[in-house]
Protein chains: 2
Amino acid sequence: MAQQRSRTDGGRRRASHSMESVLTEAVALLDEAGAPALTFRALAQRLGGGVASIYWYVGSKDELLDRATDHVVGTVLADIEKLPPGDDPIDDLRAIAVTLFDAIVERPWLGAYFMRNTELQSNSLRLYEKLGRQTLRLELDARQRFHAVSAIVGVVVGSAVDIGQEPPQEILDGAVDRDEYLGRFADTWRDLDPAEFPFVHEIVDEFDGHDDVDQFRSALELTLAGLRLQAGA
Amino acid sequence: MAQQRSRTDGGRRRASHSMESVLTEAVALLDEAGAPALTFRALAQRLGGGVASIYWYVGSKDELLDRATDHVVGTVLADIEKLPPGDDPIDDLRAIAVTLFDAIVERPWLGAYFMRNTELQSNSLRLYEKLGRQTLRLELDARQRFHAVSAIVGVVVGSAVDIGQEPPQEILDGAVDRDEYLGRFADTWRDLDPAEFPFVHEIVDEFDGHDDVDQFRSALELTLAGLRLQAGA
DNA sequence: AGTTACGATAGAACAGCGTTCGATGAGATG
DNA sequence: CATCTCATCGAACGCTGTTCTATCGTAACT
């Protein structure tokens, strides 16, 4: 991954980047410590160059985020294209959505920027198309198809937002692990008045130690079931 | 809304705030120009006081955001409590979700912070309970109820993220209105290769000038239909 | 009434952020 | 060898959240 460098010139060296290396290192920063870790200064240091150089490749931080996001969505798209096509379009929709969600679980920062700007995120648009193409196999009108894909993307994003929140400092330090953190939260819920919060008490054990993937899967199933009903299949 | 002030003392006056006034003015700033407009300096100026004074009421900006959010969720909750209870729990779920979504449409910044921290957002927790209580009337187990409410909140949040994105500068200036902006976007889609993007072409007319509320409603209907199926009612 | 104690306010400073400017490097082209 | 253009970079600007320290005003206590 090392870029070509100039020959020695009195101690100081000049860095030589490329769009690829900028995005790769940006994604690496995001992966390692989340969105707040991606700063122009941190990125420049990683690239062994100056801050202003990055602006030659990218016009703003928003654009950097969009391009970095699209960069990894490209790999997700590749995974999706490897999926074996099935008989049932709804099964295929599920497979695509799950693949996307898995990627967001691995990279929680992804959820926040994904699908922000389809002009700069051409891979996101392709992914949108991938989902939509399955709806073409269902007996729906154009509006229903549009809404169906929006709904599925909405479920993914809605679940992703949950995951994407920066965890509090104590959990990043490793002082407290996720289960304990959830457990504490659950305990404060258990202390609530059962008469005033019957539902919270009903589900607090489910919340305690719950799995985000299960939560997403269930939400997705509900939407897909509704869609199947709508398509009359 | 004027707070008591000290008697004259050589020209300079001291401002006197209250938790209420801090949150009210914070919400006003968010309403007027979105999340980026809420800065401690802007807020202090509005309150006629110093920057550091705000820290007496609030420990950090995150806490300010949480409390401001919960402040308006309180009014949403009041609206929800005014809703007439119906025979069908699913109809009631829809009514609650729509009321919440309407509030987010009016205050697009709300979506991003809503339900971030139920410790500081007690009204969000109450709203969560309100939704959940309807699921107690359905024939589901605890886990299904937990997932059902998560799914509905997910649909709301997922749609809210769409709305919540800061529009580009040109639309804030009023130089370009929303329909024209959507139209431009649609045009770039129409320019895509129809063979490569059949779905995008199928729905581009639906996208052009689409209504966010319709989009949300449809997604919600799919989830509710799935839920009704699951509850066997 | 004078003093003390404390709730509340505020100015100034700090570190970090995205962004811009102007100068300067290196490599290819003539 | 001169020129030109692409690419790089240090330094500065204005903004942000946050902290430090000093101070004011009121209420309570002797």
Side-chain angles (χ1 to χ4, degrees), chain A residues 2-23 25-26 29-30 33-68 109 112-113 116 120 166 168-169, chain B residues 2-23 25-26 29-30 33-68 109 112-113 116 120 166 168-169:
Chain A
Q3 299 298 317
Q4 74 243 24
R5 293 179 177 283
S6 66
R7 290 176 283 286
T8 167
D9 60 358
R12 291 217 176 281
R13 284 166 176 272
R14 285 170 72 84
S16 165
H17 316 316
S18 72
M19 188 81 247
E20 252 289 315
S21 67
V22 168
L23 296 185
E25 294 305 317
L29 275 168
L30 289 166
L38 177 56
T39 69
F40 277 82
R41 285 165 177 86
L43 181 55
Q45 188 166 14
R46 242 187 135 95
L47 291 164
V51 196
S53 305
I54 302 168
Y55 278 87
W56 192 89
Y57 295 94
V58 120
S60 70
K61 181 158 189 189
D62 269 346
E63 191 185 324
L64 174 62
L65 251 350
D66 281 334
R67 296 204 119 100
W109 54 271
Y113 307 109
R116 267 204 322 188
L120 279 141
E166 288 297 315
Q169 196 57 43
Chain B
Q3 299 296 318
Q4 74 244 20
R5 292 178 178 283
S6 67
R7 289 175 286 285
T8 167
D9 59 0
R12 290 220 179 284
R13 284 165 176 273
R14 284 170 75 84
S16 166
H17 315 317
S18 71
M19 190 80 246
E20 252 288 317
S21 66
V22 169
L23 296 185
E25 293 305 318
L29 276 168
L30 289 166
L38 177 56
T39 69
F40 277 77
R41 284 165 178 84
L43 182 54
Q45 189 165 18
R46 242 187 136 94
L47 290 164
V51 194
S53 304
I54 303 169
Y55 279 87
W56 193 89
Y57 294 93
V58 122
S60 71
K61 181 160 188 186
D62 270 346
E63 191 185 323
L64 174 62
L65 252 349
D66 281 333
R67 297 204 118 101
W109 54 271
Y113 306 108
R116 265 206 322 191
L120 275 99
E166 289 297 316
Q169 197 57 43

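Chain naming here is simple, since letters A, B, ... match the order of the sequence lines and numbering starts at 1 in each.
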Checklist entry - Less than 4.5 Å apart, any side-chain heavy atom of B/K61 and any of B/L65? => result yes

Checklist entry - Which residues in residues 36-45 of chain B have at least one heavy atom lying under 4.0 Å from any atom of DNA chain D? => result B/L38, B/T39, B/F40, B/R41

Item to check | Shortest non-hydrogen separation from B/S60 to B/F40 and the atoms involved | outcome: C-CZ, 4.1 Å

Next on the checklist: For DNA chain D, which residues of residues 52-67 of chain B approach it to below 4.0 angstrom with any heavy atom?
Outcome noted: B/A52, B/Y55, B/S60, B/K61

Next on the checklist: How close do A/L30 and A/A35 get, counting heavy atoms only, and between which atoms?
Outcome noted: CD2-CA, 3.6 Å

Next on the checklist: Tell me the interatomic distance from B/L47, atom CG, to C/dT9, atom C1', rounded to whole angstroms.
Outcome noted: 12 Å

Item to check | Non-hydrogen side-chain atoms of B/I54 and B/H17 separated by less than 4.5 Å | outcome: no

Item to check | Atom of A/A26, atom of A/L43 and distance for their closest heavy-atom approach | outcome: N-CD1, 3.7 Å

Item to check | Nearest non-hydrogen partners of A/G34 and A/E166, listed with the distance | outcome: CA-OE2, 4.1 Å

Checklist outcome for this item: A/R14 atom CZ is separated from D/dT8 atom C1', nearest whole Å, by 4 Å

Item to check | Minimum side-chain heavy-atom gap B/R67-B/V22 below 4.5 Å | outcome: no

Next on the checklist: Counting only side-chain nitrogens and oxygens, does A/H17 get under 4.0 Å of the OP1 or OP2 atom of D/dC6?
Outcome noted: no

Next on the checklist: Does B/Q45 have more than 12 heavy atoms from other residues, nucleotides or ligands lying within 6.0 Å of its CD?
Outcome noted: no

